[in-house]
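This report concerns only the one structure given below.
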Amino acid sequence: MPEPKQIEEPMLSGWGRLPVEGSEQISEDLEKITRGAVLTRGLGRSYGDSSLPASPNDSVACSRLANRILSFDEKTGVLRAEAGLSLADLLAVFMPRGWFPPVTPGTKFVTLGGMVASDVHGKNHHREGCFGAHVRSLRVRLADGSIVECSRADHSDLFYGTMGGMGLLGHILEVEFTMQPIPSSWIVMESERVANIDEFLSALSQSAPTWPMTMGWIDCLSSGRAMGRGILMAGRWAEPSEAPPAMPKAPHPHTMPVDLPNWAINGATTRLFNTAYYWRHLRRRAHTVLAPDPFFYPLDAILQWNRVYGSRGFTQYQCVLPREAGPEAVREFMARLTKLGGASPLCVIKDCGAEGRGTLSFPMEGTSIAVDMAVSPQIQRIVDNLNEFVIAAGGRIYLTKDRFTTAAHFRAMEPRLDAFQALREKWDPGRRLKSAQSVRIFGDRE
Amino acid sequence: MKVAMLGATSGMGRAIAQRLAARGESLFLLGAHEDLLAKSAADLKARHPQQRDCRYAQCDLEHPEQFAAALDAADRALHQFDCVIVTAGMFATQAALEADIELTRRLLTVNFANTIVFCEHVRKRLLARGGGRLVVFSSVAGDRGRKPVALYGPSKAGLATYLEAIDHKFHAEGLSVLCVKPGFVKTSMTAGLKVPPFAGEPGAVADQVIGAIDRRRAVVYAPPIWRLIMFIIRQLPRAIMRRIGI
């Protein structure tokens, strides 16, 4: 039978581009290709270097073709599938049957394995927590080659460590989690134009009790009294009486055909876009019924949209500031961000619920801000500067988006790091599992 | 249709199985690895609830002694299949084959001798029940002796010749043979190779193959452009084939 072989293309990159030398093995037989691999990656949608090899000789497994659904219980919603199953695939199969994943990130081009490794959160974090909160069981290949099943009851330390563990405790082979029944395949959305950051924070907290899904887009170039203005979006699943009778049409995404030049996204074009996007929302408040795709995955409408940043690549800075730091911290963060520049049209704000059980899981009770930034010579300085603020405020950053945080800064913002490293010591004492990110941030040997 | 599939756990075979299951055809899976068969059968059931029971049996093209028992199992589960689809096969690069004579022997045995032996088992069963369909994946690599597929190509050429011959000989008795000649298709089998122009996706190839089965075609190139490409390549004089790298 065909043997999987090395990809000849010698480069791999994350969603933010910036390729590194390396190759991946791909096969329907994930158990085979994870044997001896140092890392498993899915669809490569993490922005930074989480899914990249530390050295070109490292063997990286790609789970994309191992995407079988192994079981589904129509009564309980419990689904078990291989780690390479993409959310897009899952939705195509189960939305027409009235089921939706309990948590979804902002793109459906991610795998279940990636969703566990990043312990992804979504617009419903304040209600449902992270994806990991809905995972019942994981099948994991350990660094020594053995395969274990872990859950809240069995090997619970491995189970919780793997949630948000960036694939560093073991290769995720299978994921079992609980799907949620949905009343219809449509979303009711209320959107509201918000004049500044203070209004934003109070609008988010006012929406949280009544709306299961909330998030906001921020014009991160506005300053002064309008600083942090934007659009708040709150949504819930439509009841059958509110929903159109038909299923939503399958989306037909366009593909970004070329890299835009590096100057395409700059201060002026971003300002133009942001102003237009803000005032396009003419009425202060709007009520719409829309398909899940434009609500959850607006950017998936353009495949390869990362090419708009050009060949220089980009990164996303995402942090969460704890509730105790108060609205002043968010305001100050926005002021700093605006002043540092480097911001792009995409800036998203979300209030997070309580911290999950994943050892290194990102969200904590507070406010999360995510902003895309083109890579420029200033990027390290900007990230360092923002990180210093986040550390002082008691917050932290999201590894899945990160490419530039220093080891020292991560340690300073992550009191749970020692616990995670202890887990690695237990489950992978030889530190065979590693990524470019773990070398950069955890100090693994290259 | 009641379809037994050899090779439905990966690539184009898997894409065909998904589409047939969606159409409500009854499937039985044959393959080399029991664990992958079990997972693939479960996947078909989970994705297509109308596919109540998809069973499987081990059948490795490297082990011809398994063929009869595996086909018996398929017959029992399907109450006599009327269609068999063979997508399984072996691939290795010319460089790898030249460097490893044992690999060459294995590949030639699997793709040529053993695949034909498997097809003979199927042919006899189908003819005994008045006919049926036999769908087998050869390759455009068999259409002309070419440098990059100097060893893989002949294994598929021999297979294609066999398929043509049994079509001539047994068509009147009700045997409908389809020889599929894929060009470069992006699957795990070709992962690692440089993707040439006109490369196909497994899903599109699967649609094309199912269309060809429905219309009882004898040969199908997939993607279709490869029929033209191979026509041109077949016309090239030897002096040119010696010089160029295709």
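All values below were derived from every heavy atom in this structure, side-chain atoms included, with hydrogens, water molecules and symmetry-related copies excluded. This one's a predicted model, so the numbers in the text were calculated from it and none came from an experiment. Here is how names work: the chains are called A, B, and so on, in the same order as the sequence lines, proteins then strands, and each is numbered from 1.
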What part of A/R64 gets within 4.5 angstrom of chain B, counting heavy atoms only: side chain, backbone, both, or neither? neither

Go through the atoms of A/L85 and report whether side chain, backbone, both or neither lie under 4.5 Å from a heavy atom of chain B. side chain

Chain A shares the most heavy-atom pairs under 4.5 Å, among B/G31, B/S40, B/A41, with B/S40

Within 6.0 Å of CZ in B/R47, more than 12 heavy atoms from elsewhere: yes

Exceeds 12 heavy-atom contacts within 6.0 angstrom, atom CD1 of B/I244: yes

Does B/I225, at its CD1 atom, have more than 12 non-hydrogen atoms belonging to other residues, nucleotides or ligands within less than 6.0 Å? yes

Salt-bridge criterion met for A/E82 and B/K39 (N-O under 4.0 Å): yes

Any A/R97 side-chain heavy atom under 4.5 Å of B/P49 side chain: yes

Taking all non-hydrogen atoms of both residues into account, name the closest pair between B/D43 and A/N67 and its distance. OD1-O, 4.2 Å

State, with a plain yes or no, whether a side-chain heavy atom of A/E31 is found less than 4.5 Å away from one of B/H33. no

Close side-chain approach of A/L65 and B/R14, heavy atoms under 4.5 Å: no

First locate atom CG of B/D35, then atom NZ of A/K32, and finally report the distance between them rounded to the nearest 0.5 Å. 10.0 Å

Smallest heavy-atom separation, A/I69 atom then B/A46 atom, equals CG2-CB, 3.4 Å

Indicate the atoms forming the closest heavy-atom contact of B/S188 with A/I26, along with that distance. CB-O, 3.9 Å

Nearest heavy atoms of B/T9 and A/R68, plus distance in Å: O-NH2, 3.1 Å

